[in-house]
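Presented below is the structure to which this report refers.
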Amino acid sequence: MAQASLPAKSMRVGEMGLMAAMAGLAAFSLLVASKAWTPEYGFHAWLFVIGSVAAIGAIFKYYSSRPAETPQMIDGLPNYNYGPVKFSALMGVFWGIAGFTVGLLVALELAFPELINGLPWTNFGRLRPLHTSAVIFAFGGNVLLATSLYVVQRTSRARLAGELAPWFVVLGYNFFILIAGTGYLLGITRSHEYAEPEWYAILWLVVVWVTYLLVFLGTLWKRAEPHIYVANWFYLAFIVTIAMLVLGNNTEVPVSIYSSKSYPVWSGVQDAMIQWWYGHNAVGFFLTAGFLAIMYYFVPKRADRPVYSYRLSIVHFWALIFLYIWAGPHHLHYTALPDWAQTLGMTFSIILWMPSWGGMINGLMTLSGAWDKLRTDPVLRMLVVSVAFYGMSTFEGPLMSVKAVNALSHYTDWGIGHVHSGSLGWVGFVSFGALYCLIPWVFNRKLYSLKLVDWHFWLATIGIVFYISAMWVAGIMQGLMWRAYTPEGFLQYSFVETVEAMHPMYVIRALGGGLFVLGSLIMAYNFYKTLTASQTEEVAGRPALAPAE
């Protein structure tokens, strides 16, 4: 009996189009490399050439190995696409360790200025933005990519939209990280906080980010589950708002296509206002909304409990996105910004207490009836402590926006302590907890050791306490010394004296950072042992697929 003939395989329009686009980019980048005004910019042009050629090869290899048709369902169950999720999760671990290590090096440089001397790419001015971008955008960004592409599939009961598009997003985003990070070391920077990459890197990011949005929306569009779970709303707010912020803050004119340099259309106080509209909302939507989506999915899943109040989660979402966007001016108290704008930012920052703490309460109360699990599950403990840090940092932020408090705290290391209580305690811990859940799930392995997770938790927690306590003390001491006057009306302390007084706190900060880095290395070892185990196992206790999962 003759077998049914299989459909003939042909190259899809998307595959041909992407190969053509990559070929065009390679040719254009080759032209730029040949006429680049600086060797640093020429180096980046060559990276685009190499990356484009590698992409063409990868697309052809994918075409050669794929079936004629990719099934959306197998045996009545969704055929989830976990490849991009796996890649982003592992890159998150890699970039996290890299970013934390650079942060430790920067902390040591501040405590011991002569530690590294003579190399231009190891000075503070280049390493500091490398650290912040690596931790926020490389580590945090990859965690957000991995979790969002996983959660939207599971809660929609649908495979990711597109076949090459998800891979273009995760590979293209990490290529942007490579361009941005090497640019800092080579001295290519816009000198804007959290917005240092130059115009050509941003253009590439815009293409990647629009594709990300289309993949996410396309997956929701083809969902089999009627309800859109609240975590997806937070992810959408993060994706859409970051696109708007990046476009607004990077409205600039390049000097030439052969030059890495550009100039913003904004200037003076307008530039400052646009910058901190961007900067604070990058915190609000990249480091808050996106990671709240992680909280709303992974805390209930790990605790095996429903969200405490789904209605509260919806109120949390709408209140947060409407209020957060107005809080940026509190970064510009006592500057040339009009006083009404400063007061507006302060007012909305204080109002933000309510939705922020509503979300924290919702996350913590999800453990109702499951608090005993904190004794035996260090992953859940890490997730819950992250929510506690979220509550603490969202109390401290509005407090510091009050003008009377800001007069003492601004431009001091108190701000550094505040930022790191949020970034290490909230973003770091919720990311670690999500990775400890996600990597075993998508690789279909059992986590190698919960004991190592316990070690990671305690080392990182002690490190965070050292870090933020030292910075709080240093910051308040700075503020008080700066505003101290002699009876004659002269400043009592010189700037150098304040720096000398902070030295012990800087050493403690470096110690705390070292403990945090050590914890992340233990995590990486745990994942290495998990993935190299000789026997593949079903993840113990993994919940069955359910509606609105």
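Predicted model, so just to flag it, every value in this text is computed and none were measured.
Around CZ of Phe322, the count of heavy atoms belonging to other residues, nucleotides or ligands within 6.0 Å does not exceed 12. In this structure, Trp458 places its CH2 atom where only 12 or fewer heavy-atom neighbours from other residues, nucleotides or ligands lie under 6.0 Å away. Dense packing is recorded around CH2 of Trp277, with more than 12 heavy atoms of other residues, nucleotides or ligands lying under 6.0 Å away. For CH2 of Trp455, the number of neighbouring non-hydrogen atoms (other residues, nucleotides, ligands) closer than 6.0 Å is 12 at most.
Taking the ring centroids of Trp209 and Phe238, they lie under the 6.0 Å cut-off. Tyr194 and Phe137 have their aromatic ring centers separated by at least 6.0 angstrom. You'll find the ring centres of Phe432 and Phe457 outside the 6.0 Å limit.
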task: List the steps and the verdict of side chain to side chain contact (heavy atoms under 4.5 Å, CB included) for Tyr436 and Met523.
output: CA-CA 8 Å; Tyr436 278 124; Met523 176 186 70; 3.2 Å; yes
field: Audit row: Ile464, Phe429, side chain to side chain contact (heavy atoms under 4.5 Å, CB included) steps and yes/no
entry: CA-CA 11 Å; Ile464 292 171; Phe429 269 19; 3.9 Å; yes
Step-by-step ring pair (Phe, Tyr, Trp, His ring centres under 6.0 Å) determination, Tyr324 to Phe348: CA-CA 7 Å; Tyr324 222 119; Phe348 275 92; over 10 Å; no
message: Please evaluate residues Glu225 and Arg154 with respect to the criterion salt bridge (charged side-chain N to carboxylate O under 4.0 Å, His left out), reporting the C-alpha separation (whole Å), side-chain torsions for both, the decisive distance (0.1 Å), and the verdict.
response: CA-CA 10 Å; Glu225 171 59 44; Arg154 300 290 295 191; over 6 Å; no
- request: Could you walk me through whether Asp413 and Gln478 pass side chain to side chain contact (heavy atoms under 4.5 Å, CB included), step by step?
  value: CA-CA 8 Å; Asp413 284 323; Gln478 270 179 307; 3.4 Å; yes
- prompt: Which is it for Trp276 and Asn281 under the side chain to side chain contact (heavy atoms under 4.5 Å, CB included) test, yes or no, and what are the steps along the way?
  reply: CA-CA 8 Å; Trp276 284 111; Asn281 289 296; over 6 Å; no
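A donor-acceptor pair shorter than 3.5 Å cannot be found between the side chains of Asn249 and Trp266. Side chains of Thr147 and Tyr235: a donor-acceptor N/O pair is present below 3.5 angstrom, by distance only. Side-chain contact of Trp472 with Glu396: a donor-acceptor pair under 3.5 Å is present, judged by distance alone. One side chain, Asn232 or Thr155, offers a donor N or O that lies under 3.5 Å from an acceptor on the other. Between the side chains of Tyr308 and Ser313, not a single donor N or O lies within less than 3.5 Å of an accepting N or O.
Distance check, rounded to the nearest 0.5 Å: CE of Met400 to NE2 of His418 gives 6.0 Å. Rounded to the nearest 0.5 Å, atoms OH (Tyr296) and CZ (Phe317) are 11.0 Å apart. In this structure, Arg381 CZ and Thr376 OG1 are separated by 8.5 Å, a value rounded to the nearest 0.5 Å. Separation of atoms CG (Asn406) and NE2 (His331) is listed at 9.5 Å; rounding is to 0.5 Å. Here CG of Asp377 is found 8.5 Å from CG of Leu383. Values are rounded to the nearest 0.5 Å. Rounded to the nearest 0.5 angstrom, His280 NE2 and Leu287 CG are separated by 10.5 Å.
Taking the ring axis of Phe466 as reference, the NZ or CZ atom of Arg509 does not stay both within 45° of it and closer than 6.0 Å to the ring centre.
Side chain of His316 to backbone of Ser356: no donor-acceptor contact under 3.5 angstrom is found. Put simply, the side chain of Glu497 gets close to the backbone of Ser494: a donor and an acceptor are under 3.5 Å apart. A distance-only check finds no donor-acceptor pair linking the side chain of Arg311 to the backbone of Ile314 [under 3.5 Å]. No donor-acceptor pair closer than 3.5 Å links the side chain of Ser156 to the backbone N or O of Ala158. Proximity of a side-chain donor or acceptor of Thr288 to a complementary backbone N or O of Phe285 within less than 3.5 Å is not detected.
What you find for Ala341 and Pro329 is that their closest heavy atoms are O-CB, 3.2 Å. Taking each heavy atom of Ser88 and Val170 in turn, the nearest pair found is OG-CG1, 3.1 Å. Heavy atoms only, all atoms of each residue included: His131 and Gly103 are closest at ND1-CA, 3.2 Å. The shortest non-hydrogen separation linking Ala470 to Met505 is O-CG, 3.3 Å. The two residues Leu367 and Leu380 make their nearest non-hydrogen contact at CD2-CD2, 4.3 Å. Of all heavy-atom pairs spanning Gln275 and Ala195, the tightest one is OE1-CB, 4.3 Å.
Proximity of Trp482 to Phe495: side-chain heavy atoms (C-beta onward) are separated by under 4.5 Å at one or more points. Leu160 is listed as a side-chain neighbour of Leu149, based on a closest heavy-atom distance under 4.5 Å. Two residues are said to be in side-chain contact when any heavy atoms from C-beta on lie closer than 4.5 Å; Ser431 and Val427 meet this criterion. When side chains are defined from C-beta on, Ser309 does not count as touching Met365, because their heavy atoms never get closer than 4.5 Å. Side chains of Phe94 and Asn142 form no contact here, defined as non-hydrogen atoms less than 4.5 Å apart. Contact check for Glu196 versus Ser133: side-chain heavy atoms found under the 4.5 Å cut-off. Between Lys403 and Thr343, the closest side-chain pair of non-hydrogen atoms falls below 4.5 Å. Contact of the Ile321 side chain with the Thr241 side chain is not registered, since no non-hydrogen atoms from C-beta on lie closer than 4.5 Å.
Using a 30° and 60° split on the angle between ring planes, Tyr310 and Tyr229 fall in the tilted class, from 30° to 60°. Ring orientation note: the planes of His330 and His333 are tilted relative to one another, at an angle of 30° to 60°.
Of the residues Glu198, Arg190, His192, the one that meets the side-chain hydrogen bond (donor to acceptor under 3.5 Å, both in side chains) test with Asn250 is Arg190. Of the listed residues (Phe100, Trp95, Phe286), just one forms a ring pair (Phe, Tyr, Trp, His ring centres under 6.0 Å) with Phe139, and that residue is Phe100. For the side chain to side chain contact (heavy atoms under 4.5 Å, CB included) with Met360, the lone residue among Trp426, Phe389, Tyr390, Phe395 that qualifies is Tyr390.
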